[in-house]
Amino acid sequence: MTKTELLNKAARNGEERLLLARVLDKLELARRRNIPSHTGFLSPGERACVEALLAAAGHPRHLFFGGYEGAQRNICVFLPDWQEPEDFRTGGDCPVCALRASFPADGALTHRDFLGSVLGLGLDREKVGDLLVGEGACDLIVLEEIRDFLLLHLEQAGRVRLRLAPVALERLSPPPVQGKLIRDTVSSLRLDAVAASGFSLARSKAADLISSGRFQLNYRECVKPDRAVAQGDVISCWGLGKCVVQEVGGTSRKGRILLVLERYV
């Protein structure tokens, strides 16, 4: 397919088209110069959009990397023929690095405090990956190109003073994920039925929230309550968190479908 055909197939709106056009430029750079090339950090929704594009493009050699396993925000790296994924992650070409911002344990800083302080310095969101906030420290995953700028200028979050120092990616400390396993039955695998089960909502309430644009299916907005859901799908709702369809089982004696969901808050 041509670039225009790929964009027409994968982009659902003007914003996605602009994002995917930049991704295709990075892909072309890697192919033309036979060097690794990468995007900025992508949100889960942007990653899903890029994955759809790459599927349409024939799955060129690439990897997603966010500094640690399970990262929410990742860069997309296009690899030349001579480079393997592990060589990229551990070699000098990797553009992802981390800084640890230490602060008094009673500072009570949040993810919002750190993100606001970083973006308040005039940096683009795509330069910044996950912010791992723990007790007395926050690990900031960023592109190498802004590392020295942050070391020089990021002095506080909220009203709390920070001490910044580089930290190796293998020493990152992701906070534990809080999940709750839900075993339930549903009458069908419609999105509204599964969402109602996962978020403890009335089915009519779930349908209204979906129709109003509050829900995402696999990190892409879905406004159709009757959209089919499958095992492995991720359902997200603004303000409620997300749940993953871990298992779709058989049917109960009453003909209802057995489900295992994991909800994260």
Side-chain angles (χ1 to χ4, degrees), residues 9-17 19-20 41-56 64 66 68-74 76 110-112 115 125 129-134 174-265:
K9 181 178 179 63
R12 301 190 300 180
N13 52 50
E15 185 177 353
E16 287 189 358
R17 192 179 185 90
L19 167 68
L20 296 182
F41 284 101
L42 304 167
S43 69
E46 290 170 334
R47 173 175 174 168
C49 184
V50 171
E51 287 177 330
L53 172 74
L54 298 183
F64 290 96
Y68 69 100
E69 186 175 355
Q72 290 293 300
R73 295 178 61 82
N74 293 264
C76 180
T110 65
H111 183 281
R112 179 177 295 181
L115 183 60
R125 185 67 177 97
D130 287 0
L131 305 178
L132 308 176
V133 184
V177 178
Q178 301 295 324
K180 174 185 177 183
L181 206 61
I182 300 170
R183 299 180 184 274
D184 200 1
T185 63
V186 292
S187 58
S188 74
L189 291 178
R190 285 171 47 121
L191 178 57
D192 55 356
V194 178
S197 175
F199 295 104
S200 302
L201 301 170
R203 184 166 173 175
S204 59
K205 177 63 173 178
D208 289 343
L209 291 174
I210 294 167
S211 298
S212 65
R214 291 278 298 278
F215 270 85
Q216 293 182 327
L217 180 60
N218 295 323
Y219 301 109
R220 303 190 79 176
E221 183 181 285
C222 181
V223 295
K224 297 181 178 180
D226 62 350
R227 176 70 62 85
V229 175
Q231 184 169 307
D233 282 351
V234 180
I235 303 170
S236 312
C237 181
W238 296 111
L240 297 180
K242 71 177 182 180
C243 67
V244 180
V245 183
Q246 297 285 13
E247 183 180 337
V248 176
T251 56
S252 68
R253 292 180 179 179
K254 295 183 179 181
R256 294 175 63 84
I257 302 169
L258 304 173
L259 280 184
V260 178
L261 308 170
E262 188 160 15
R263 180 179 175 184
Y264 302 92
V265 295

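In this text the structure is predicted, and so the values were computed from the model without any measurement.
Residue pairs meeting the ring-ring contact (aromatic ring centres under 6.0 Å, His included) criterion with at least one member in residues 195-246, sequence neighbours excluded, are Phe199-Phe215.
Within the model, atoms CG of Leu217 and NZ of Lys224 stand 12.0 Å from one another, a figure rounded to the nearest 0.5 Å. Note that CD1 of Ile182 and OG of Ser200 are 5.5 Å apart. Values are rounded to the nearest 0.5 Å. One finds the SG atom of Cys237 at 7.0 Å from the CG atom of Leu201 (value rounded to the nearest 0.5 Å). Between Glu221 atom CD and Arg214 atom CZ the span is 12.0 Å, to the nearest 0.5 Å. Rounding to the nearest 0.5 Å gives a distance of 4.0 Å between SG of Cys49 and CG of Leu20. Expressed to the nearest 0.5 Å, how far CG of Asn74 lies from OG of Ser43 amounts to 10.0 Å.
In this structure the side chain of Leu42 reaches within 4.5 angstrom of the side chain of Leu19, judged on heavy atoms. The shortest side-chain heavy-atom distance between Glu46 and Phe41 does not fall under the 4.5 Å cut-off. When side chains are defined from C-beta on, Pro44 counts as touching Gln72, because their heavy atoms get closer than 4.5 Å. Using a 4.5 Å cut-off on side-chain heavy atoms (C-beta onward), Ser187 and Ile257 make no contact.
Residues that satisfy the side chain to side chain donor-acceptor pair (under 3.5 Å) test with Thr110, not counting sequence neighbours, are Asp113. Scanning for side chain to side chain contact (heavy atoms under 4.5 Å, CB included) contacts around Ala55 gives His59, with sequence neighbours left out. Contacts of Arg220 classified as side chain to side chain donor-acceptor pair (under 3.5 Å), with partners at least two apart in sequence or in another chain: Glu16. With sequence neighbours excluded, no residue forms a salt bridge (charged side-chain N to carboxylate O under 4.0 Å, His left out) with Arg73. For Arg190, the side chain to side chain donor-acceptor pair (under 3.5 Å) partners are Asp192, not counting sequence neighbours. Remark: Tyr264 engages no residue in a ring pair (Phe, Tyr, Trp, His ring centres under 6.0 Å) (not counting sequence neighbours). Under the rule for a side chain to side chain contact (heavy atoms under 4.5 Å, CB included), the partners of Ser211 that lie at least two apart in sequence or sit in another chain are Pro225. Partners of Asp208 according to the side chain to side chain donor-acceptor pair (under 3.5 Å) rule, which considers only residues two or more places apart in sequence or in another chain, do not exist here. Residues that satisfy the side chain to side chain contact (heavy atoms under 4.5 Å, CB included) test with Asn218, not counting sequence neighbours, are Asp233, Val234. With sequence neighbours excluded, the residues forming a side chain to side chain contact (heavy atoms under 4.5 Å, CB included) with Ala196 are Arg203, Ala206, listed by chain and number.
Each of Val194, Ile235, Leu181 was checked for a side-chain contact (heavy atoms from CB on, under 4.5 Å) with Leu261, and the lone residue meeting it is Val194.
In terms of heavy-atom proximity, Cys76 sits nearest to Leu54 at SG-CD1, 4.1 Å. In this structure, Gly198 and Cys243 approach most closely via the heavy-atom pair CA-SG, 4.2 Å. Closest approach of Ser197 to Asp184, counting heavy atoms only: OG-OD2, 2.8 Å.
Open room surrounds CZ on Arg183; 12 or fewer heavy atoms of other groups in view lie less than 6.0 Å from it. Atom CD of Glu15 has 12 or fewer heavy atoms from other residues, nucleotides or ligands within 6.0 Å.
When atom types are taken as modelled, the side chain of Asp130 and the backbone of Leu132 share no donor-acceptor pair closer than 3.5 angstrom.
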Run the side-chain donor-acceptor check on residues 245-254: report pairs under 3.5 Å with partners two or more places apart or on a different chain.
from, atom 1, to, atom 2, distance (Å)
Gln246, NE2, Glu262, OE1, 2.7
Ser252, OG, Lys254, N, 3.3
Ser252, OG, Arg256, N, 3.2

